[in-house]
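Chain identifiers are assigned alphabetically (A, B, ...) following the order of the sequence lines, protein sequences preceding nucleic acid strands; residue numbering begins at 1 within each chain.
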Number of protein chains: 2
Amino acid sequence: MPRTHRPSVTIGDVAAAAQVSRSTVSRAFTRPQLLSPETVDQVRAVAARLGYVGNQAARALSTGRFGNIAVVVPDIANPFFPPLVRSMQLAAETADLAVFLGDSDESAEREAKLIARLAPQVEGFVLASPRLAEDLIRELAATRPVVLVNRDLDGIPRVLIDSSGGMTEALMLLKKLGHQRLVYLAGPRDSWSDQQRREVLTSAAAGLTVDVIEVGRPSYAAGRDSVSAIVRSGATAAIAFDDVVSQGVLAGLELRGISVPSDFSLVGCDDTLAALTTPALTSVSAGAATAGTAAAKLLAQLLDSPDPSAECVTISTHLVIRATTAGPPRRQNPRG
Amino acid sequence: MPRTHRPSVTIGDVAAAAQVSRSTVSRAFTRPQLLSPETVDQVRAVAARLGYVGNQAARALSTGRFGNIAVVVPDIANPFFPPLVRSMQLAAETADLAVFLGDSDESAEREAKLIARLAPQVEGFVLASPRLAEDLIRELAATRPVVLVNRDLDGIPRVLIDSSGGMTEALMLLKKLGHQRLVYLAGPRDSWSDQQRREVLTSAAAGLTVDVIEVGRPSYAAGRDSVSAIVRSGATAAIAFDDVVSQGVLAGLELRGISVPSDFSLVGCDDTLAALTTPALTSVSAGAATAGTAAAKLLAQLLDSPDPSAECVTISTHLVIRATTAGPPRRQNPRG
DNA sequence: CTGAAAGCGCTAACAG
DNA sequence: CTGTTAGCGCTTTCAG
């Protein structure tokens, strides 16, 4: 039955070359304990020589395991995610897991579609900053292992980057420097990170006045355009939802001749761009890479033994002080 | 033979319930034209009622088609790649293709491993800036459709971002501004982009003197550390292999009290960070997103009809002039 | 410890 | 138009 011809080396080829049965080859990889060490070595050597790579689809058909996971992010072009995805992929590789990437374009609907499309070939999901409704996530998680990143759903394994440490430090620093009034440039409302940051800032303000300015989808332009509102607020410092927004603010400030940090202080979040720019930004570190590794490991472990006890790993943050923070200007308002 | 039990409804269940053969069920989904409309409707109705979802692995095993492609990049954390990957994934989605992501960590060896691992579940590859040896790429391309990005291998479909336009413009601008001596901060030798840029700069120098400084793996630190060599060269302007290096140079320059652009002019490449920083960088646009879309479309088309004529789409570049370029400093110190 | 044989769920000739 | 049949490449009882 001649069909689509795929010239790849199969388990049969290896078996023939090694003069053993197919089963033996199979066992050499999946359950070497059942074979004599010499056989294992020999078979593996032959396999390596031939460049044999197990056909995952066939394996999956037989075992129900695909050896694939999917990571879906709202926007891979957002500098927060690449390190996350990267470390996840590297960690997945050591568990011999291949990874699908889904970019939902910040849309819950597209996220759902992606998940549905990927689900039949995937053993588990890593959902990074998912925009999906809680019940849909729970529904998915009932089906197969799901690890959340930066979304706090009780009972579902998750890794959370806890901004509160860094945020509090930022608050303290600003206070110590003498600022009294600041603004938070808030991110998307359905982002857990934003909710957390917002809460820390408004509840633990430590005697400072902090106004919230909504910038919507975090972008450079959004940051730049928020400057007039910042100036209007009379604040002498700002904390931005992320470094991209922060850069935008920096640009907007320069445009108005307000210089940082002498006239105005600025703190970003995530430390994605912060170290790479001039001036270097003060920022709350995020450890996205750490989170990625943790998520992959958590998922791999879940696949091995579907542990019902949902783990939650928390990654703490701290403030990295660079060049954009200083005391408030002498005059009451920076060029009002 | 009781094995891993997967409670899912199979084609057989549908066939039984609908009182038809398995083939009929199969055809109802894959080639409805071959069936009477009533049969199709009936089968589909039963399938829907039972919640039947085709098993991808089985389908793939039988047809050799997975509906999956893979994109492998040297480093997804390098800001050049996320927009590329993103647009590719979005384009792939419209062709109903799911995408695997591989990060080779700039290693040809890991790249080969990833490819081998992914190959059995993938219909085609997009290899972005592959570090792999030419013969290995050709070997793979003989097996299945492969689209290259920024690697120029005759006979293999590829999309090339042609820097020469932008580079030449940069040269012209710098010349017009009065610079006479500049340096090129060169990237990795096995990068096609670097080779191309290097050649344009050294061959089309238009009467300018251009020295080449090797920075190795392009990074912020590499750029920053190259500043002493730049100063030593006596150049009044630099073109960097990419924006990350460019940012590093900017930082290194500031550290020495050399200000940009009044004392020194700087041009980056790829326009990845350039617009997001303060000061905004003059940079050669890259159109990574355009390249991603083009690559995905090319691959999708190749999958439909394995056209032997290897297409090569070229994306042209231009210079985006921002704040880091100006004329060379005056010989004498300006007044006071 | 190793081989033989029976499928996993699906599709694709090939009849009828 | 529809059923029969023979696998895709792998794992896994079950014998030996």
Side-chain angles (χ1 to χ4, degrees), chain A residues 1-44 46-47 50-68 96 120-121 123, chain B residues 1-44 46-47 50-67 116-117 119-123:
Chain A
M1 189 188 291
R3 50 193 71 206
T4 313
H5 212 62
R6 278 150 297 149
S8 76
V9 22
T10 77
I11 203 172
D13 302 333
V14 178
Q19 315 238 51
V20 295
S21 71
R22 281 190 273 281
S23 337
T24 301
V25 178
S26 174
R27 283 191 273 253
F29 289 100
T30 54
R31 332 184 63 167
Q33 332 79 301
L34 298 185
L35 257 36
S36 79
E38 306 88 63
T39 314
V40 173
D41 289 350
Q42 190 229 349
V43 170
R44 286 194 176 170
V46 173
L50 263 44
Y52 167 74
V53 183
N55 179 321
Q56 287 295 329
R59 189 197 311 289
L61 186 54
S62 186
T63 61
R65 317 204 133 173
F66 289 86
N68 296 335
D96 197 32
Q121 341 183 37
E123 279 181 67
Chain B
M1 190 188 291
R3 50 192 72 206
T4 312
H5 212 62
R6 277 151 296 148
S8 78
V9 23
T10 77
I11 203 171
D13 303 333
V14 179
Q19 314 236 53
V20 295
S21 72
R22 282 190 272 281
S23 336
T24 301
V25 178
S26 173
R27 284 191 273 253
F29 290 100
T30 54
R31 332 184 62 163
Q33 333 79 305
L34 298 185
L35 257 37
S36 78
E38 306 88 63
T39 315
V40 173
D41 289 350
Q42 190 228 351
V43 171
R44 286 194 176 169
V46 174
L50 264 43
Y52 167 74
V53 183
N55 178 320
Q56 285 290 332
R59 188 198 312 290
L61 188 54
S62 182
T63 60
R65 316 205 132 175
F66 292 83
R117 170 68 173 77
Q121 354 184 26
V122 134
E123 280 182 65

Starting at OG of S21(B), measure out to CD1 of I11(B) and round the result to the nearest 0.5 Å. 8.5 Å

Here the distance between atom C1' of dT11(C) and atom OH of Y52(B), to the nearest Å, is 10 Å

I'd like to know if S62(B) reaches the base of dA12(C) with its side chain such that a donor and an acceptor end up less than 3.5 angstrom apart. no

Whole-Å distance between dG3(D) C1' and I11(B) CD1? 13 Å

Is the backbone N or O of D96(A) less than 3.5 Å from a side-chain atom of R117(B), with the two atoms forming a donor-acceptor pair by type? yes

Candidate nucleotides dT2(D), dG9(D), dG9(C), ranked by approach to the side chain of T10(B) - the nearest: dG9(C)

Tell me the interatomic distance from E38(A), atom CD, to dT2(C), atom C1', rounded to whole angstroms. 13 Å

Check whether the side chain of T63(B) and the base of dA12(C) form a donor-acceptor pair under 3.5 Å. no

Base dT2(C) to side chain T39(A), donor-acceptor N/O within 3.5 Å cut-off: no

Taking the side chain as C-beta and beyond, is there a heavy-atom pair between V14(A) and V9(A) under 4.5 Å? yes

Would you give the length of the straight line joining atom CG of L61(A) to atom OG of S62(B), rounded to the nearest 0.5 angstrom? 10.0 Å

Between CD of Q56(B) and C1' of dC8(D) the distance, given in whole Å, is 15 Å

Of the candidates dC10(D), dG3(D), dC8(D), the side chain of L61(B) sits closest to dC8(D)

What residues in residues 24-32 of chain A put a non-hydrogen atom under 4.0 Å from any atom of DNA chain C? T24(A), R27(A)

Which residue, P37(B) or A58(B), contacts DNA chain D at a nucleotide closer to its 5' end, judged by nearest heavy atom? P37(B)

Counting only distance, no hydrogens or angles, is the base of dT12(D) paired donor-acceptor with the side chain of S23(A) under 3.5 Å? yes

Contacts of type side-chain hydrogen bond (donor to acceptor under 3.5 Å, both in side chains), residue Q121(B), not counting sequence neighbours: N68(A)

In whole angstrom, what separates Q19(B)'s CD from dG3(D)'s P? 10 Å

Would you kindly give the CZ-to-P distance between R22(A) and dT13(D), to the nearest whole Å? 18 Å

Between atom CZ in R59(B) and atom P in dC10(D), what is the gap in whole Å? 20 Å

When you look at CZ of R44(A), are more than 12 heavy atoms from neighbouring residues, nucleotides or ligands closer to it than 6.0 Å? yes

Just how far, in rounded Å, is P of dG9(C) from CD of Q121(A)? 17 Å

Applying side-chain hydrogen bond (donor to acceptor under 3.5 Å, both in side chains), can you list everything that pairs with S26(A), at least two apart in sequence or on another chain? none

